[in-house]
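A quick write-up on the structure given underneath.
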Amino acid sequence: MKVTFFSTKPYDREFFRRLNEVYSFDFVFYETHLGPHIVNAVEESDAICAFVNDKLTAEVLGVLANRGVKYIAMRCAGFNNVDLDAARKYGLRICRVPAYSPEAVAEHALAMILTLNRKTHKAYNRVREQNFSLNGLMGFNLHGKTIGIVGTGNIGRAFARIMGGFGCERLAYDLYEDEALSTAGVQYVPLAELFSRADIISLHCPLTEDTKHLINAASLKLLKPGVMLINTSRGQLIDTAAVLEGLRSKHVGYLGIDVYEQEEKLFFRDLSQTILNDDAIQLLMSFPNVLVTGHQAFFTAEAMEEIASTTLMNLSRLSQGLEPENPAALLV
Ligand code: NAD
């Protein structure tokens with residue numbers, strides 16, 4: 001089986017090569033994104049392995065199917081960038097990694113909360129300059145605060161468990177209630193109630209038609225003044241222009257984003273020698289109460305190992321006419 005990878009970095013190649021010892025697939029690694037601009041140059045392959053910012057549009061899938069591609073393996077959980085109807089039309093089988101170390105993402109959400117709250121990033125720089133003043137570093141206790149969790153799937157559940165350990169009151173909103181979480185003290189409430197009661201809101205739902213711009217000018221008005229918003233899910237859950245307005249008016253007290261609406265042109269690259277052609281991110285990064293990380297929430301050794309092993313197992317099973325072990329891994 002020949003597998004062509006897109007959007008790869010040295011760390012992807014390292015994990016996939018190591019775990020391929022069992023399968024001996026042929027790998028071709030591209031660093032570039034997959035999209036209409038490159039798809040005509042793709043060599044014949046049995047499978048494509050793609051990532052969060054690759055564009056698997058109907059046009060791209062059509063060209064790939066014409067070139068003999070049978071399987072698309074997403075090495076991520078989200079699949080908002082894949083046209084599933086087109087995949088069905090072209091007879092492609094598409095799989096993903098539905099759950100890989102959800103704790104990796106949940107722990108990163110916590111890291112963002114603690115950094116924004118206790119300002120350890122500022123303290124680190126200050127102390128290096130022998131400035132031991134505490135002015136401007138005051139935070140708040142997480143104990144007793146109300147956390148709103150939107151989406152209680154694999155990651156939301158892990159995040160809820162963590163925040164329980166901090167002694168927070170936990171509110172949740174999901175299309176489906178998780179009984180085990182309710183039993184453990186998480187209170188499911190309507191979304192508007194979660195928005196109006198939470199001191200910290202963390203987004204863990206997927207990007208769908210319904211969740212696009214879930215945080216917008218109207219919903220921002222429902223949030224508590226000074227709220228902390230955390231998004232480790234997908235950039236388009238937040239209307240960037242609206243949240244910038246919320247930050248300017250101080251209604252949004254803190255913003256932590258690991259994902260960003262226009263991230264495809266920025267994230268996963270070193271642009272330190274470039275002038276960024278994106279005013280919104282420049283503005284966001286200039287606020288002292290905003291923390292941006294470049295889609296790194298998944299990035300732990302444990303998660304990378306699980307992503308590579310599940311992706312290769314999915315491909316191996318599909319090529320033998322079997323379905324992935326986890327039914328949620330098969331998208332089409
Ligand atoms: P999951 O499928 O296990 O859980 C998603 C939950 O969201 C489900 O319980 C679902 O019912 C719920 N949901 C769906 N629509 C909703 C809506 N309209 N309102 C509220 N809840 C809704 O997914 P997961 O593994 O927990 O991952 C969640 C998201 O995190 C993924 O979709 C992906 O976009 C993102 N993610 C980000 C990173 C990163 O590195 N930043 C890594 C992995 C996943």
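Just so you know, ligand 1 is whichever comes first in the structure, and atom 1 is the first atom listed for that ligand. No hydrogens, no waters, no symmetry mates; every other heavy atom, side chains included, goes into these values. Model, not experiment: these values are computed from the prediction.
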For [X], is at least one N or O under 3.5 Å away from an N or O on ligand 1?
{"X": "Y100", "value": "no"}
{"X": "T208", "value": "no"}
{"X": "D174", "value": "yes"}
{"X": "F298", "value": "yes"}
{"X": "V105", "value": "no"}

Relative to atom 33 (C) of ligand 1, which among K212, R234, H204 owns the nearest non-hydrogen atom?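 Selected option, by shortest heavy-atom distance: R234.
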Any chance the rings of F299 and Y11 have centres within less than 6.0 Å?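 Yes; Y11 has its ring centre under 6.0 Å from that of F299.
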Any [X] heavy atom less than 4.0 Å to ligand 1:
{"X": "F299", "result": "no"}
{"X": "P98", "result": "yes"}
{"X": "P102", "result": "no"}
{"X": "L207", "result": "no"}

Ligand 1 versus T152: contacting region, heavy-atom distance under 4.0 Å: backbone
N154 and ligand 1 - part of the residue with a heavy-atom distance under 4.0 Å: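 Looking at N154 and ligand 1, atoms from backbone and side chain both fall under 4.0 Å.
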Is a salt bridge present between E169 and K145, judged by a nitrogen-to-oxygen distance below 4.0 Å? no
Pair D46 + K70: basic N to acidic O under 4.0 Å: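 Salt bridge present between D46 and K70.
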Only heavy atoms of [X], strictly under 4.0 Å: list the atoms of ligand 1 that pass.
{"X": "D258", "answer": "39 (C), 40 (O), 41 (N)"}
{"X": "Y176", "answer": "11 (O)"}
{"X": "A297", "answer": "39 (C), 40 (O), 41 (N)"}

Can you check whether a protein heavy atom sits less than 4.0 angstrom from atom 2 (O) of ligand 1?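 Within 4.0 Å of atom 2 (O) of ligand 1, no protein heavy atoms are found.
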Heavy atoms of the protein only: does one fall short of 4.0 Å from atom 23 (O) of ligand 1?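 Within 4.0 Å: no protein heavy atom nearby.
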Testing the 3.5 Å rule here: is there a donor-acceptor pair between the side chains of H33 and S7? yes
Within a reach of under 6.0 Å around CZ of F132, are more than 12 heavy atoms found that belong to other residues, nucleotides or ligands?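 Counting other residues, nucleotides and ligands, CZ of F132 exceeds 12 neighbours.
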Check this for me: K265, atom NZ, are more than 12 non-hydrogen atoms of other residues, nucleotides or ligands nearer than 6.0 Å? no
Straight-line distance of I48 CD1 to F5 CZ, nearest 0.5 Å: 10.0 Å
Which class fits the ring pair F51 and H295: parallel under 30°, tilted 30 to 60°, perpendicular over 60°?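 Answer is tilted, since the angle falls between 30° and 60°.
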